[in-house]
Amino acid sequence: QVQLVESGGGLVQAGGSLRLSCAASGRMFSSYAMDWFRQAPGKEREFVAAITWSGANTDYADSVKGRFTISRDNAKNTVYLQMNNLKPEDTAVYYCAADLRPFRLQVSRYEGDFGSWGQGTQVTVSS
């Protein structure tokens, strides 16, 4: 099992930027794909971004494509989410999640593929 701790959330004005970090400990971080999900008040949790174990492939929800960038530093056991041009509709609790299976070749948007979750970090975008 891997333990995940998110950080970097906060309050920002529309058009601003934030960078979220997700620090991992436990099983070999570098072997597992990582995703970011988010949950806005009163809504279901939704997929945001994904990155394969090697970092070679990424995937984004249409709502964040071109504004958010997912990356990872396997030497630091950390995955990042750079969020630019933030909008009020990006307001949510953001969660990182680690894949259940190592060395998955393709990214996944399905929550059931992820077995470890962080506690979440709040992002609030004011208009």
Side-chain angles (χ1 to χ4, degrees):
Q1 196 77 346
V2 63
Q3 290 75 47
L4 304 173
V5 179
E6 301 98 336
S7 61
L11 173 64
V12 65
Q13 288 188 332
S17 298
L18 285 173
R19 187 176 82 156
L20 305 184
S21 298
C22 172
S25 61
R27 58 180 165 95
M28 290 183 62
F29 169 80
S30 60
S31 303
Y32 295 85
M34 297 292 295
D35 275 27
W36 286 95
F37 293 84
R38 68 185 181 185
Q39 187 168 22
K43 295 187 177 181
E44 292 187 351
R45 190 158 55 188
E46 64 176 1
F47 167 78
V48 175
I51 189 166
T52 49
W53 61 273
S54 66
N57 295 308
T58 58
D59 185 29
Y60 298 92
D62 287 345
S63 59
V64 306
K65 199 171 295 184
R67 299 187 298 121
F68 290 11
T69 302
I70 188 171
S71 62
R72 65 190 298 157
D73 185 338
N74 286 340
K76 295 183 178 180
N77 284 3
T78 302
V79 63
Y80 304 98
L81 186 68
Q82 177 67 44
M83 306 185 296
N84 298 328
N85 190 22
L86 282 160
K87 303 176 180 180
E89 51 264 42
D90 294 319
T91 295
V93 177
Y94 284 71
Y95 300 90
C96 62
D99 201 334
L100 279 166
R101 289 168 42 195
F103 304 116
R104 191 187 300 268
L105 295 179
Q106 295 182 338
V107 294
S108 171
R109 299 185 173 195
Y110 175 50
E111 290 189 30
D113 285 336
F114 296 86
S116 298
W117 294 78
Q119 82 290 347
T121 185
Q122 176 71 48
V123 171
T124 303
V125 184
S126 64
S127 58

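One-based numbering along the sequence shown.
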Checklist entry - Is it true that Asp90 and Lys87 have a side-chain N and a carboxylate O under 4.0 angstrom from each other? => result no
Next on the checklist: For the NZ atom of Lys65 and the OG1 atom of Thr58, what is their distance to the nearest 0.5 Å?
Outcome noted: 9.5 Å
Checklist entry - What distance do Ile51 atom CD1 and Asp99 atom CG have between them, rounded to the nearest 0.5 Å? => result 13.0 Å
Next on the checklist: Nearest 0.5 Å, please: how far is CZ in Arg38 from OG in Ser63?
Outcome noted: 4.5 Å
Next on the checklist: What's the separation between atom CZ in Arg109 and atom CD in Glu46, rounded to the nearest 0.5 Å?
Outcome noted: 10.5 Å
Item to check | Distance in Å, Phe29 CZ paired with Leu4 CG, rounded so as to fall on 0.5 Å steps | outcome: 8.0 Å
Checklist entry - How about Phe37 and Phe47: do any of their side-chain heavy atoms sit closer than 4.5 Å? => result yes
Checklist entry - Side chains of Leu100 and Asp113: does their closest heavy-atom pair fall under 4.5 Å? => result no
Checklist entry - Think Arg67 forms a cation-pi with Tyr60, using NZ or CZ under 6.0 Å from the six-ring centre and within 45 degrees of its axis? => result no
Checklist entry - So how far is it from Trp36 CH2 to Cys22 SG, rounded to the nearest 0.5 Å? => result 5.0 Å
Checklist entry - Any side-chain heavy-atom pair from Leu81 and Tyr94 closer than 4.5 angstrom? => result yes
Item to check | Heavy-atom side-chain contact between Trp117 and Arg45 under 4.5 Å | outcome: yes
Checklist entry - Picking from Asn85, Val48, Ile70, Thr69, what satisfies side chain to side chain contact (heavy atoms under 4.5 Å, CB included) with Val64? => result Val48
Checklist entry - With side chains defined as the heavy atoms from C-beta onward, is the minimum distance between Thr52 and Arg104 less than 4.5 Å? => result no
Checklist entry - Is any side-chain heavy atom of Met83 less than 4.5 Å from a side-chain heavy atom of Leu20? => result yes
